[in-house]
Amino acid sequence: MSIQDNLIQIEQTIPKHVTLIAVSKTKPISDLEEAYAAGIRDFGENKIQEMCDKYEALPKDIRWHMIGHVQTNKVKYMAPFVDLIHGVDSLKLLKEINKQAEKNNRVIKVLLQQFIADEETKFGLDENEVRQIMSDEVDNLPYVQVVGLMGMASFTDDENKIRNEFKSLKSNFDFLKSTNENISILSMGMSGDYKTAIEEGSTMVRIGSSIFGHRNYSI
Ligand SMILES: *Cc1c(COP(=O)(O)O)cnc(C)c1O
């Protein structure tokens, strides 16, 4: 199956109100061009250098999503062009994004990453840390706009467990939405679990291997 065929199949399973992010990390420019030709304008990458290289090489109407863990000293490289940073997992990082956004004379949209899985490898804030940042910090950071939450479920075959993790993220999302008018994006769901995520209220899914095929190395 071609990338285009994969996209046609996947798009049939995604409702209109859900945005598809094509996760192209590790994939060559030619694969991204094929997805672009099939209509994709939102691409997700998890390494800043790789995203910058692809940004240089590809059309400028692409919206670039940083979905990986971000080191504060690298924010400056993507600050001029990144559309949405999904993995904000500390106040320190949020402040650095604010600083680099100001230097570039723009407001950068971000999602706070909330930890919902029980695996130690997954980064993120807990529910209370998210709420505290929203209530105490965001008003002092005018060059970042927190527009929602991102989370990754456990890597397991237990669908019930995945569903419950998504439910917990959705419940904090609903709480924040009721108190902050900028909150509108709930980024949850990957190739293996995006259908469950959509059933549980996702508005943005990040899909890689089901579009581009398996990666030679992960994350
Ligand atoms: C790699 C990655 C994805 C996509 O994973 P697939 O299983 O290939 O769809 C989604 N979200 C994040 C944060 C990732 O790192």
Side-chain angles (χ1 to χ4, degrees), residues 1-14 18-28 31-32 34-35 38 40 42-51 54 62-71 74-75 78 82-90 93 97 109-125 130 147-159 161-163 165-166 169-170 173 185-219:
M1 291 251 293
S2 70
I3 289 170
Q4 183 178 7
D5 292 337
N6 291 339
L7 279 168
I8 289 169
Q9 286 213 339
I10 290 166
E11 280 166 347
Q12 281 167 356
T13 65
I14 296 180
V18 176
T19 304
L20 169 63
I21 312 298
V23 175
S24 48
K25 61 191 182 192
T26 81
K27 296 297 176 182
D31 281 8
L32 282 77
E34 203 177 325
I40 293 292
D42 291 275
F43 288 90
E45 292 283 336
N46 72 338
K47 297 232 162 55
I48 291 177
Q49 184 62 53
E50 185 177 340
M51 186 171 79
K54 287 172 173 171
I62 289 173
R63 291 178 290 272
W64 292 97
H65 296 254
M66 174 42 63
I67 63 169
H69 182 65
V70 176
Q71 289 170 276
K74 294 198 177 149
V75 171
M78 64 176 166
V82 67
D83 187 75
L84 181 63
I85 302 174
H86 291 230
V88 176
D89 59 359
S90 72
L93 177 58
I97 295 168
K109 288 177 289 171
V110 307
L111 305 176
L112 298 180
Q113 182 170 359
Q114 184 174 323
F115 180 88
I116 50 173
D118 56 14
E119 292 152 40
E120 285 179 17
T121 51
K122 295 203 167 99
F123 294 97
L125 302 155
V130 166
V147 293
L149 293 180
M150 181 272 227
M152 291 170 81
S154 295
F155 188 70
T156 171
D157 290 335
D158 184 347
E159 202 199 307
K161 181 175 173 58
I162 291 171
R163 190 176 291 282
E165 291 173 356
F166 286 148
L169 189 61
K170 172 68 158 60
F173 173 76
I185 297 177
L186 181 56
S187 169
M188 62 182 195
M190 308 171 35
S191 292
D193 58 20
Y194 78 89
K195 289 179 185 164
T196 307
I198 290 171
E199 285 166 11
E200 296 305 330
S202 172
T203 72
M204 187 173 269
V205 291
R206 310 175 309 270
I207 300 184
S209 42
S210 295
I211 298 173
F212 296 106
H214 287 291
R215 292 176 293 275
N216 290 330
Y217 56 98
S218 62
I219 314 260

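Whatever order the structure lists them in is the order used to number ligands and atoms, beginning at 1.
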> For ligand 1, find out whether one of its N or O atoms is nearer than 3.5 Å to an N or O atom of Gly192.
no

> Return the set of residues passing side-chain hydrogen bond (donor to acceptor under 3.5 Å, both in side chains) with Thr156 (not counting sequence neighbours), or none when no residue passes.
none

> Answer yes or no: is there a donor N or O on one side and an acceptor on the other, between the side chain of Asn6 and the main chain of Ile211, under 3.5 Å?
yes

> Quickly, which of Arg206, Met188, His65 forms a side-chain contact (heavy atoms from CB on, under 4.5 Å) with Met150? Name it, please.
Arg206

> Mind checking whether Asn46 has an N or O less than 3.5 Å away from an N or O of ligand 1?
no

> Quick one: which ligand 1 atoms are inside 4.0 Å of a heavy atom on Gly208?
4 (C), 6 (P), 8 (O), 9 (O)

> How does Lys25 reach ligand 1, by side chain, by backbone, by both or by neither, if only non-hydrogen atoms under 4.0 Å count?
side chain

> Please identify which of these residues, Val147, Leu149, Val110, meets the side-chain contact (heavy atoms from CB on, under 4.5 Å) condition with Ile185.
Val147

> Out of Met188, Met190, His214, His69, indicate the one that has the non-hydrogen atom closest to atom 5 (O) of ligand 1.
Met190

> Heavy-atom contact check, 4.0 Å cutoff: does Ile67 meet ligand 1?
yes

> I need the atoms of ligand 1 closer than 4.0 Å to a non-hydrogen atom of Ile207, numbered in the order shown.
9 (O)

> Is the shortest distance from a heavy atom of His86 to ligand 1 less than 4.0 Å?
no

> What atoms of ligand 1 come within less than 4.0 Å of a heavy atom belonging to Arg206?
4 (C), 9 (O), 10 (C), 11 (N), 12 (C), 13 (C)

> Could you check whether Lys195 pairs with Glu199 (Lys NZ or Arg NE/NH1/NH2 to Asp/Glu carboxylate O, under 4.0 Å)?
no

> Pair Thr196, Asp193 - check side-chain hydrogen bond (donor to acceptor under 3.5 Å, both in side chains), show working.
CA-CA 6 Å; Thr196 307; Asp193 58 20; over 6 Å; no

> For side-chain hydrogen bond (donor to acceptor under 3.5 Å, both in side chains), just list the numbers for Tyr194 and Thr13, CA-CA rounded to whole Å, side-chain angles, deciding distance to a tenth of an Å, and then say yes or no.
CA-CA 10 Å; Tyr194 78 89; Thr13 65; 2.6 Å; yes

> With sequence neighbours excluded, what pairs up with Gln12 under the side-chain hydrogen bond (donor to acceptor under 3.5 Å, both in side chains) test?
none

> Mark up the atoms of ligand 1 that fall under 4.0 Å of a heavy atom belonging to Met152, in ascending order.
13 (C)

> For ligand 1, is there an N or O atom under 3.5 Å from any N or O atom of Ser191?
yes

